[in-house]
Amino acid sequence: MALSATARLTVALYACLVAWPCLAQTQYAVLIGGLGGSPEYTGTLRQYLFDAHAALVGPLGFEESNVTVLSEPATAGEPVVDAIANAENIRAAFTALAGLVTPQDQVYVVLFGHGSFDGRDAMLNIARRDLSSADYALLINALPAARIVFVNTASASAPFVAALSAPERVVITATRSGTQRNQTIFPRFFVEALSSPSADLDRDGSLSVLEVFNYAAIQTAGHFEGEGLLATEHPLIDDTGDGEGTRLEQLRDSQDGHLAAVTFLRRPSLEGATKMLTAMQQSKEAIEHEIAALKARKSTMNVDAYYDELEVLMLRLARLNNSMDRERGSL
C-alpha cells in the first residue's frame, strides 16, 4: 500500500534522526590560560577563564566533566583549575581527550593570554617552554572529532589560522597578523558573548560560533571607536580550510563564516518537543549544513548552477520551517 505524503515525511524525518547525529553529539572544551606577567593581568586572565567555564557548564549546557581548565601557577590551587598550563600538562590533556572524543563530537579549544610571534611560529606564553601554533596543530589533528573550533584570543595570534586550518574546523584569532602584539580586548567580548542574550543576533534561542565571533568582533571595533583610538587588533575567522582568515567587514562577500553559522554552542531548546519536532529540527540543521557547504563552494561553481542549487535548498528549508510551525501550533 502506498504511503501518504504525511507518512512519507515521517519516515524521512525519522531516517534523518538516525543518520544526522547533531543533537546527540557530545561537546568538549579545553580552556587554556597563559602567563599574566603582572598581578593585574593575571587577575584578568583568571576572570576570562572562570567566566568562560561558568558559561559553558551553565547556560550552554556542557557537562562539567567535559570542560578542562589549565591555568598559570598563580591560580593552580583554585577548584575550577585542573592543572598548570605548561607544555606537559597541555599535551596530557589532549591525549586524554583523544581517548574520549568520537567522530560525532565537537571540541572547543580557547586560549587566553599573551602571544608572541618569531617570524615563523606564533605562541601562547605559558609556564616554562611555550607551545607553537605548529604544536597545537599536531595536538588537535589527533582528535577524531566531527568538528573542532579553535579560538586564540591572545596578541600575535593570526598565524594560528594558517597553522590550524582544515576541513570541518573553525579557527578564530584576535589579530590579523603576528605583528599585532598589544594586549587584546577581543577576549573580554568573546567571553561576554558566551552568556549574553545580545549575542543571539537572530533571536532564535540558539547560539552559533559565527554569532559569537560577530558579537565579539563588533564590540571590539566599537571599543576602539568609543575610545577614539586606532584599532590595534582585527579578529579573523577561517572555516573553509584554506588557511586564509577573514575580517568581520569582509564576511558578507567571503566564503568564510558558513560552517561557523551551523556550528552551535547552544541549539534551540527542544524540551517538551514531540519526536516529530525533534526530527524536524535535525533535518533543518542538515539542510542548513548543505547550504553552508554550497555557499563555501560558490566561487568554484557556475553562477546559474549555484543559484539553482541554492533555490532548491532554500525551498526545502522554507517548507520544513512551515511544517515545524504547524507542529508547534499543535502542541
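Of the residues N141, D238, T240, D239, the one that meets the side chain to side chain donor-acceptor pair (under 3.5 Å) test with R169 is N141. Of the options F112, F189, F186, a ring pair (Phe, Tyr, Trp, His ring centres under 6.0 Å) to Y48 is made by F112 and by none of the others. The one candidate from L31, L45, V81 that meets the side-chain contact (heavy atoms from CB on, under 4.5 Å) condition with F50 is V81.
Using a 4.0 Å cut-off between a side-chain N of Lys or Arg and a carboxylate O of Asp or Glu, E72 and R46 do not qualify as a salt bridge. Taking the charged nitrogens against the carboxylate oxygens, R176 and E233 have no contact shorter than 4.0 Å, which rules out a salt bridge.
A continuous path of ILVMFWY side-chain contacts below 4.5 Å connects I237 to L265, so both sit in one hydrophobic cluster. One hydrophobic cluster, built from ILVMFWY side chains closer than 4.5 Å, cannot hold both V170 and L97; they sit in different ones. Hydrophobic clustering (side-chain heavy atoms under 4.5 Å, transitive across Ile, Leu, Val, Met, Phe, Trp, Tyr) groups V151 together with V67. Under the 4.5 Å side-chain heavy-atom criterion for Ile, Leu, Val, Met, Phe, Trp and Tyr, I185 and F190 are members of distinct hydrophobic clusters. If you chain together hydrophobic residues whose side chains sit under 4.5 Å apart, L164 and V110 never meet in one group.
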**Stepwise side chain to side chain contact (heavy atoms under 4.5 Å, CB included) check, M280 with K284** = CA-CA 6 Å; M280 286 178 172; K284 178 181 178 180; over 6 Å; no
**Request:** Dump the intermediate steps for side-chain hydrogen bond (donor to acceptor under 3.5 Å, both in side chains) on T263 and R147, then the final yes or no.
**Result:** CA-CA 8 Å; T263 302; R147 189 161 305 155; 3.0 Å; yes
**Request:** Before giving the answer on side chain to side chain contact (heavy atoms under 4.5 Å, CB included), spell out for L131 and L124 the whole-Å C-alpha distance, their side-chain angles and the decisive distance to 0.1 Å.
**Result:** CA-CA 7 Å; L131 292 177; L124 178 75; over 6 Å; no
**Request:** Any chance you could lay out the side-chain hydrogen bond (donor to acceptor under 3.5 Å, both in side chains) test for E63 and Y28, step after step, and finish with the verdict?
**Result:** CA-CA 8 Å; E63 291 290 336; Y28 295 88; over 6 Å; no
**Request:** Evaluate side chain to side chain contact (heavy atoms under 4.5 Å, CB included) for N182 paired with S155, printing each intermediate quantity in order.
**Result:** CA-CA 6 Å; N182 287 15; S155 51; over 6 Å; no
**Request:** List the steps, then state whether side chain to side chain contact (heavy atoms under 4.5 Å, CB included) holds for H234 with F224.
**Result:** CA-CA 11 Å; H234 300 85; F224 286 101; over 6 Å; no
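Between the side chains of S177 and T179, at least one donor N or O lies within less than 3.5 Å of an accepting N or O. Side-chain atoms of Q183 and H114 form no donor-acceptor pair, as typed in the model, at a separation below 3.5 Å. Side chains of N152 and S157: no donor on one and acceptor on the other come within 3.5 Å. Judged purely by distance below 3.5 Å, without hydrogens or angles, the side chains of Q25 and Q104 never pair a donor atom with an acceptor atom. Side chains of R326 and S323: a donor-acceptor N/O pair is present below 3.5 angstrom, by distance only.
Of all heavy-atom pairs spanning A199 and A193, the tightest one is CB-O, 3.4 Å. Contact record, D121 with M123: O-CE, 3.5 Å, taken as the closest heavy-atom pair. Nearest approach of A134 to A163, heavy atoms of both residues: N-CB, 4.5 Å. The minimum heavy-atom distance linking G113 with A154 is given by the pair O-CB, 3.1 Å. The two atoms that bring L259 and A292 nearest to each other are N-CB, 4.2 Å, heavy atoms only. The two atoms that bring L139 and L143 nearest to each other are O-CG, 3.8 Å, heavy atoms only.
Atoms CG and CZ, on D135 and F94 in that order, are 11.0 Å from each other to the nearest 0.5 Å. To the nearest 0.5 Å, atoms NE2 (H258) and CD (E288) are separated by 13.5 Å. Distance check, rounded to the nearest 0.5 Å: OG of S208 to CG of D200 gives 8.5 Å. Between atom CD1 of residue I218 and atom CD of residue E249 there is a gap of 10.5 Å, rounded to the nearest 0.5 Å. If you take CD1 on I287 and CG on L294, they are separated by 13.0 Å, rounding to the nearest 0.5 Å. The distance from atom CG of N66 to atom CZ of F62, rounded to the nearest 0.5 Å, is 9.0 Å.
In this structure, F150 has its ring center at least 6.0 angstrom away from the ring center of Y108.
In this structure the side chain of L251 reaches within 4.5 angstrom of the side chain of F213, judged on heavy atoms. Under the 4.5 Å side-chain criterion, counting only non-hydrogen atoms from C-beta, I126 is not in contact with L70. The shortest side-chain heavy-atom distance between L320 and S283 falls under the 4.5 Å cut-off. Looking at heavy atoms from C-beta onward, V209 lies out of side-chain contact with F264 at the 4.5 angstrom threshold. Residues N125 and S116 form a side-chain contact, since some pair of their non-hydrogen atoms from C-beta on lies under 4.5 Å apart. Here the side chains of L236 and I172 are not in contact, with every heavy-atom distance at 4.5 Å or above. For the pair V312/L310, no side-chain contact is recorded, criterion being any heavy-atom separation below 4.5 Å from C-beta on. P73 has its side chain within reach of L35: a pair of non-hydrogen atoms, C-beta onward, lies under 4.5 Å apart.
Judged by distance alone, the side chain of S165 and the main-chain N or O of G243 form a donor-acceptor pair under 3.5 Å. For the pair S196 (side chain) and E192 (backbone), a donor-acceptor distance under 3.5 Å is absent. Although no hydrogens or angles enter the test, the distance criterion places no donor-acceptor pair under 3.5 Å between the side chain of N86 and the main chain of R128. In this structure a side-chain-to-backbone donor-acceptor pair under 3.5 Å is missing from N321 to A318. In this structure, the side chain of E64 does not engage the main chain of L56 through any donor-acceptor pair within 3.5 Å. For the pair N89 (side chain) and A85 (backbone), a donor-acceptor distance under 3.5 Å is absent. Using a distance-only test at 3.5 Å, with no hydrogens or angles considered, no donor-acceptor pair links the side chain of E309 to the main chain of Y306. Side-chain atoms of R266 never come within 3.5 Å of backbone atoms of G61 as a donor-acceptor pair (strictly under, hydrogens ignored). A donor-acceptor pair is defined here as one N or O able to donate and one able to accept, closer than 3.5 Å; such a pair exists between the side chain of T42 and the backbone of S38. Side-chain atoms of T184 come within 3.5 Å of backbone N or O of T153 as a donor-acceptor pair.
More than 12 non-hydrogen atoms from other residues, nucleotides or ligands lie less than 6.0 angstrom from CE of M301.
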